[in-house]
Amino acid sequence: MEERDDVLHMPHDQIEAMQLEGIKKTVVACYENVPFYKKSFDEAGFDPYSVSSLEDLSRAPFVCKQDLRDEYPFGMLAVPREDVREIHMSSGTTGVATVGAYTEHDLKFWAECFGRGIAYAGGGRSDVVQICYGYGLFTGGLGAHYGSLFSGATTIPISAGNTERQIRVLREMGSTILCCTPSYAMHIADTAIAMGLDPARDFHLRAGIHGAEAFSDNFRAELERKFDYKVLDVYGLTETMGPGVAVECMEQDGLHIAEDHFYCEIIDPATGEVLPDGEWGELVITTLDREASPVVRYRTRDITRIIPGECACGRTHRRIDRLHGRTDDMLIIRGVNVFPSQIEQVMETFDEVSSWYQIELTTKGHLDVVTLKAEVNPDFDFDSTGAIEQLQGRISAELKAALSVGVRVRLVEPMSIPRSEGKAKRVIDLRGENQ
Ligand code: DLL
C-alpha cells in the first residue's frame with residue numbers, strides 16, 4: 001500500500017464529503033451489527049439512516065470507556081470473530097480492559113496512519129527505526145512497527161526496556177528515528193549521559209516520534225537538546241486504533257488528524273455541546289472506515305482543541321493541539337481543581353529542577369495533602385546548607401500563588417525518582433490508604 005499523498009492535500013470540502021460517507025456507513029454498520037449501538041441509538045431517538053450532514057452526527061449518543069468495558073470481550077465487534085486478524089487491549093489500570101480488534105483492512109490503514117508520522121519526519125527507506133514502545137497488547141509497539149514497515153524503513157523491534165542494550169543498538173545500528181514514550185526517551189538520554197556518552201554526538205538520531213503520554217514544550221526542548229533531533233508528537237488510543245490517529249509534522253504546530261479515517265469533535269465535557277474550532281474541550285472521535293471495532297462519538301476524556309486554519313506544511317488535514325491532559329487527570333484538592341500539568345508549568349519556571357517529578361496525594365486527618373517530589377538538576381549543589389530548603393520554599397510559594405492550594409515540595413537527587421519504560425507515572429494517589 002502506497003502513501004496517498006493526494007489525500008493529505010485534498011481541499012477540505014472534499015475531505016468533509018468523504019467523512020460524511022464514512023459516518024453514514026459507520027453508524028449504519030454499528031446499528032445493524034452491534035446490539036449495544038442499536039439499543040443506545042434507539043434510546044436516544046437517533047435514526048442512523050437519517051444522517052445527511054456532518055452536523056447530524058451531533059444527534060448521536062456518546063459512547064464511553066465503561067460501555068466498551070461492559071461489552072468485554074467481543075460485544076462491540078461489528079464483524080464475525082473469524083474476520084478479526086489481531087486484538088489489542090488497553091492497559092486498564094482499573095477494572096476490565098477494553099478490546100480493540102482489527103480486520104485485514106483495519107491493520108492496513110493503521111500502518112498507513114503511523115507510516116505518515118515517519119513520512120512527516122522525512123523518513124523512508126534510508127532510515128533505521130528503533131521501536132522501543134512495548135510490544136504486546138499495548139498498541140504502541142506494533143502500531144509503530146506496522147507504520148515503519150509501511151514507510152519502507154529498516155525496522156528494529158527492540159520493544160521497551162533494557163536501556164543499556166537500547167543504547168548499544170542506537171550506536172551500533174545507527175538508528176535514525178526513535179519511537180517510544182517521551183519519558184522513556186529522556187531516560188535513554190540520561191542513562192547514556194551517565195555512561196559518559198553524548199547522545200547528540202554518539203547517536204545518529206534525526207527524529208523521535210513520541211507519544212502515549214502528555215509532555216510539555218520544555219520537556220520536548222530538553223529532549224531535542226540532548227539528542228539533537230526533532231521530536232514529533234503522536235496521539236492515539238486503543239479504543240479508536242492505537243498510535244497514529246494524529247501526528248505532528250515538522251512544523252511542530254499541532255497534530256494532523258488522519259481525517260480520512262477519523263472524524264473529531266471537541267465538546268464541552270460538562271454539557272456535551274459541540275464547541276467551535278479553537279476552543280478547548282474534550283476530544284470525541286468517530287471512526288470512518290474501521291471494520292472490526294468502529295466507534296461512534298467515543299469520549300476520549302482527552303483535552304485539546306482544533307487549531308483553526310491551515311498548517312504551513314500545506315497538508316489540509318485539520319490539527320489538534322498538543323494535549324494538556326485528561327478530564328479524569330483533574331485532582332480535586334481541598335475542593336480546588338488542579339491539573340498535574342499546572343503544577344508542571346510552575347515547576348518549569350525554576351532552572352534548578354529537572355523535568356522529573358511525581359505528585360503524591362495523601363491525607364492527614366480529613367485533609368488532602370499534596371506533595372510534589374521533584375529532582376534537582378545534576379549541577380545543583382544538593383549539600384550546600386540551606387539551599388534545598390530555600391528552593392523548596394520558593395517553589396511552594398509559587399505553587400500556592402498559581403493554584404491556590406498548598407503543595408509540599410520535596411526536592412530529591414537526580415535520577416532518584418523511578419523511571420518507567422512505558423508511560424511515566426506522574427500521580428500517586430495514596431488517599432485511600434491509611435496514613
Ligand atoms: O497510548 C496509544 C499510543 C501508543 C499513542 C504510542 C501514542 C504512541 P492507550 O494505552 O489506550 O493508547 O492510551 C490512550 O494515552 O487517551 C491519552 O490520554 C494518552 N495519550 C496518547 N497519546 C498521547 C499524546 C496509547 N501524544 C491514552 N499526548 C489517550 C498526550 C496521549 N497523551
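Numbering of ligands and ligand atoms starts at 1, following listing order. All residue numbers in this chain count up from 1 along the given sequence.
- An N or O contact shorter than 3.5 Å links Thr238 to ligand 1 by distance.
- At under 3.5 Å, not a single nitrogen or oxygen of His210, backbone or side chain, sits near a nitrogen or oxygen of ligand 1.
- Considering backbone and side-chain atoms together, Ala212 places an N or O closer than 3.5 Å to an N or O of ligand 1.
- Using a 4.0 Å cutoff on heavy atoms, Lys423 counts as a contact of ligand 1.
- A salt bridge links Arg206 to Asp127: one of the charged nitrogens lies within less than 4.0 Å of a carboxylate oxygen.
- Near Asp233, meaning under 4.0 Å from one of its heavy atoms, ligand 1 places the atoms 24 (C), 26 (N).
- Listed by number with element, the atoms of ligand 1 under 4.0 Å from a non-hydrogen atom of Leu323 are 30 (C), 32 (N).
- Residues Asp260 and Met10 form no side-chain contact, since every pair of their non-hydrogen atoms from C-beta on lies 4.5 Å or further apart.
- Considering backbone and side-chain atoms together, Tyr133 places no N or O closer than 3.5 Å to any N or O of ligand 1.
- Residue Thr139 approaches ligand 1 through these ligand atoms, each under 4.0 Å from one of its heavy atoms: 2 (C), 12 (O).
- In this structure, Arg408 places its CZ atom where only 12 or fewer heavy-atom neighbours from other residues, nucleotides or ligands lie under 6.0 Å away.
- Judged by the 6.0 Å and 45° rule, Arg326 forms no cation-pi pair with Phe339.
- Proximity of Asp302 to ligand 1, defined as any heavy-atom pair under 4.0 Å, is confined to the side chain (atoms from C-beta onward).
- In this structure, Phe215 has its ring center at least 6.0 angstrom away from the ring center of His210.
- A cation-pi contact, defined as under 6.0 Å to the ring centre and within 45° of the axis, links Arg426 to Tyr357.
- Under the 4.0 Å criterion applied to side-chain N and carboxylate O atoms, Asp217 and Arg322 are assigned as salt-bridge partners.
- When each of His317, His12, Arg319 is paired with Glu259, the side-chain hydrogen bond (donor to acceptor under 3.5 Å, both in side chains) condition holds for His12 and for no other.
- The contact set between ligand 1 and Ala214, taken as ligand atoms under 4.0 Å from a residue heavy atom, comprises 28 (N), 30 (C), 32 (N).
- Distances between N or O atoms of Phe138 and those of ligand 1 include no value under 3.5 Å.
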